[in-house]
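In this chain, residues are counted from 1 in sequence order.
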Amino acid sequence: MNILEVNHLKKYYRSPFLRKRVRAVEDISFAVKQGEIFGLLGPNGAGKTTTLKSIVGLLKPDGGEIRLFGRPLDISRRERIGFLPENPYFYRHLTGYELLSFYAHLFNKHITAKKIKEILEMVGLEHAMHRKVGSYSKGMLQRVGFAQAILNDPDFIILDEPMSGLDPIGRKEMKDWIFKLKSEGKTILFSSHILPDVEMICDRVAIIYRGRVVSTGVLSEILQEKVRFIEVTIEGLDEKTLETFGKVFRSGDKLMLRLTSEEEKDRLVSFVIEKGGRIISVAPYRKTLEEHFMETLEAQ
């Protein structure tokens with residue numbers, strides 16, 4: 001079942017100076033399945049944020065169709081969505097606790113004080129829940145923004161650059177929270193420019209470039225490429241002994257060779273054992289998401 005379907009989405013803006021129509025989104029189509037984590041990738045200005053704002057109803061598309069939970073987008077559908085924008089802005093004079101209490105009132109749901117405190121504790125803001133939001137750092141704002149996105153226990157959570165402003169610990173925690181939501185049956189759509197995070201988190205991705213989807217698919221299939229090379233690390237032999245296998249790299253007392261086939265690797269392993277050396281590691285290297293991303297953009 002598809003939670004979200006975006007079909008041929010178009011959105012244009014008017015330039016305030018030249019009065020020209022500027023393309024933000026030209027032709028975006030993709031679908032997000034129930035229970036998956038779906039990533040939107042693309043360089044700055046590709047149309048990711050415009051697409052997300054159109055999905056949550058903050059922008060009105062100039063063409064195309066958006067369907068949520070099997071029906072056209074309307075107010076009743078939005079009640080089941082949680083949204084963290086790229087640059088969240090909150091009332092600076094409210095404390096973290098007051099801010100979530102305010103949003104709880106807007107949701108028109110019975111969200112208890114205990115529930116609000118539990119969410120703030122989960123995102124690591126228990127020590128700052130009674131401080132004014134205006135004193136929060138960028139990372140703390142991301143945390144409280146994530147807290148408001150899940151406050152109403154949504155079925156579908158949309159996160160725009162959720163790792164922005166977070167230190168390594170915060171990024172690790174954000175990934176853990178996202179995996180926890182998926183384990184609870186939630187569906188997550190998020191955009192990011194931090195490709196290693198996307199590679200670690202997402203089930204499927206769509207790459208957007210100049211307002212169009214140029215590639216989409218299951219990550220495991222996209223990255224299931226032929227091995228580019230095999231790196232073998234060896235100990236106990238010298239470079240001259242191994243030079244017939246190709247260029248030898250030294251790192252301390254270890255030697256490394258990069259081979260292009262399984263046959264070469266098998267022959268090298270047998271040779272090293274025969275000569276009394278020791279195999280430390282054999283590591284095949286495949287295409288990364290970042291390499292796939294750059295190759296896709298260069299092909300446009």
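- Within a 6.0 Å sphere centred on CZ of R131, other residues, nucleotides and ligands contribute more than 12 heavy atoms.
- For Y136, there are no ring-ring contact (aromatic ring centres under 6.0 Å, His included) partners two or more places apart in sequence or in a different chain.
- Between the side chain of D62 and the backbone N or O of Y12 there is at least one donor-acceptor pair closer than 3.5 Å.
- The distance from atom CD1 of I119 to atom CZ of F146, rounded to the nearest 0.5 Å, is 9.5 Å.
- Following chains of ILVMFWY side-chain contacts shorter than 4.5 Å, one can reach L58 starting from I158, so the two form part of one hydrophobic cluster.
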Residue pair T50, Y13: steps toward the side-chain contact (heavy atoms from CB on, under 4.5 Å) verdict = CA-CA 11 Å; T50 296; Y13 296 105; 3.4 Å; yes
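- Separating the CG atom in L268 from the OG atom in S270 is a distance of 8.5 Å, to the nearest 0.5 Å.
- Here the shortest heavy-atom pairing between P154 and G82 reads CB-N, 3.4 Å.
- No donor-acceptor distance shorter than 3.5 angstrom exists from the side chain of K132 to the backbone of R92, with no hydrogens or angles considered.
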Identify all side-chain donor-acceptor contacts of residues 97-104 below 3.5 Å with residues at least two apart in sequence or on another chain.
| from | atom 1 | to | atom 2 | distance (Å) |
| --- | --- | --- | --- | --- |
| E98 | OE1 | T95 | N | 2.9 |
| E98 | OE1 | T95 | OG1 | 3.4 |
| S101 | OG | Y97 | O | 2.9 |

Please test L41 against I208 for side-chain contact (heavy atoms from CB on, under 4.5 Å), starting from the C-alpha separation and ending with a verdict.
-> CA-CA 6 Å; L41 306 180; I208 298 178; over 6 Å; no
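- Using a 4.0 Å cut-off between a side-chain N of Lys or Arg and a carboxylate O of Asp or Glu, E263 and R267 do not qualify as a salt bridge.
- V144 places none of its side-chain heavy atoms less than 4.5 Å from the side chain of M140.
- Salt-bridge formation is not detected for the pair E26/R210: no Lys NZ or Arg NE/NH1/NH2 atom is positioned less than 4.0 Å from an Asp or Glu carboxylate oxygen.
- For V32 against R204, the heavy-atom pair with the smallest separation is CA-NH2, 4.0 Å.
- Heavy-atom neighbours of K33 NZ from other residues, nucleotides or ligands within 6.0 Å: at or below the threshold of 12.
- For the pair L189/I157, no side-chain contact is recorded, criterion being any heavy-atom separation below 4.5 Å from C-beta on.
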Taking it one step at a time, do E184 and D153 satisfy side-chain contact (heavy atoms from CB on, under 4.5 Å)?
-> CA-CA 11 Å; E184 295 172 354; D153 192 26; 5.5 Å; no
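- Side-chain contact between L9 and S54 is present, with heavy atoms from C-beta onward closer than 4.5 Å.
- Under the 4.5 Å side-chain contact rule for hydrophobic residues, L120 and F107 share a cluster.
- Judged by distance alone, the side chains of D160 and S191 do bring a donor and an acceptor atom under 3.5 Å apart.
- Looking only at side-chain heavy atoms (C-beta outward), L68 and E5 stay at 4.5 Å or farther from each other.
- Annotation: side chain of T187 is not in contact with side chain of I37 (no heavy-atom distance under 4.5 Å).
- R80 and D155 are joined by a salt bridge, as a carboxylate oxygen and a charged side-chain nitrogen come within less than 4.0 angstrom of each other.
- Counting heavy atoms from C-beta on, the side chains of V25 and I28 come closer than 4.5 Å.
- The line from CD1 of I3 to CZ of R67 is 13.0 Å long, rounded to the nearest 0.5 Å.
- Under a 3.5 Å cut-off, the side chain of T216 and the backbone N or O of I207 do not form any donor-acceptor pair.
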Identify all side-chain donor-acceptor contacts of residues 162-175 below 3.5 Å with residues at least two apart in sequence or on another chain.
| from | atom 1 | to | atom 2 | distance (Å) |
| --- | --- | --- | --- | --- |
| D167 | OD1 | I169 | N | 3.2 |
| D167 | OD1 | G170 | N | 2.6 |
| R171 | NE | D197 | OD2 | 3.2 |
| R171 | NH2 | D197 | OD1 | 3.1 |
| R171 | NH2 | D197 | OD2 | 3.0 |
| K172 | NZ | D176 | OD1 | 3.3 |
| K172 | NZ | D176 | OD2 | 2.7 |
| E173 | OE1 | R143 | NH1 | 2.9 |
| E173 | OE1 | R143 | NH2 | 2.8 |
| K175 | NZ | D197 | OD1 | 3.1 |

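- When side chains are defined from C-beta on, M256 does not count as touching I234, because their heavy atoms never get closer than 4.5 Å.
- Two residues are said to be in side-chain contact when any heavy atoms from C-beta on lie closer than 4.5 Å; I279 and T233 fail this criterion.
- Scanning all heavy atoms of the two residues, the minimum distance from D27 to K10 falls at CB-NZ, 4.4 Å.
- Counting only residues at least two apart or on different chains, no side chain to side chain donor-acceptor pair (under 3.5 Å) pair has a member in residues 115-129.
- Under the side chain to side chain contact (heavy atoms under 4.5 Å, CB included) test applied with F190, the options L52, I201, L40 reduce to a single match, I201.
- Remark: of the listed residues T51, T49, I55, T49 is the sole one forming a side chain to side chain contact (heavy atoms under 4.5 Å, CB included) with K53.
- Judged as a ring pair (Phe, Tyr, Trp, His ring centres under 6.0 Å), the pairs with a partner in residues 230-265 (not counting sequence neighbours) are, in order, F245-F271.
- Atom CZ of residue F90 and atom CG of residue L141 lie 7.0 Å apart, to the nearest 0.5 angstrom.
- Tested against L255, the residues V272, L242, T241 include a single side chain to side chain contact (heavy atoms under 4.5 Å, CB included) partner, L242.
- Listed by first then second residue, pairs satisfying salt bridge (charged side-chain N to carboxylate O under 4.0 Å, His left out) with a partner in residues 272-285 read E235-R278, not counting sequence neighbours.
- Residues P61 and I66 share a closest heavy-atom pair of CG-CD1, 4.2 Å.
- A pairwise comparison of heavy atoms in V213 and A206 identifies CG1-CB, 4.3 Å as the closest pair.
- The CD atom of E161 sits 6.0 Å away from the NZ atom of K48 when rounded to the nearest 0.5 Å.
- To the nearest 0.5 Å, atom NZ of residue K180 and atom CE of residue M122 are 6.5 Å apart.
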List the steps and the verdict of side-chain contact (heavy atoms from CB on, under 4.5 Å) for L257 and E231.
-> CA-CA 6 Å; L257 290 93; E231 186 174 89; over 6 Å; no
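- Two rings, from F38 and F30, have their centers less than 6.0 Å apart.
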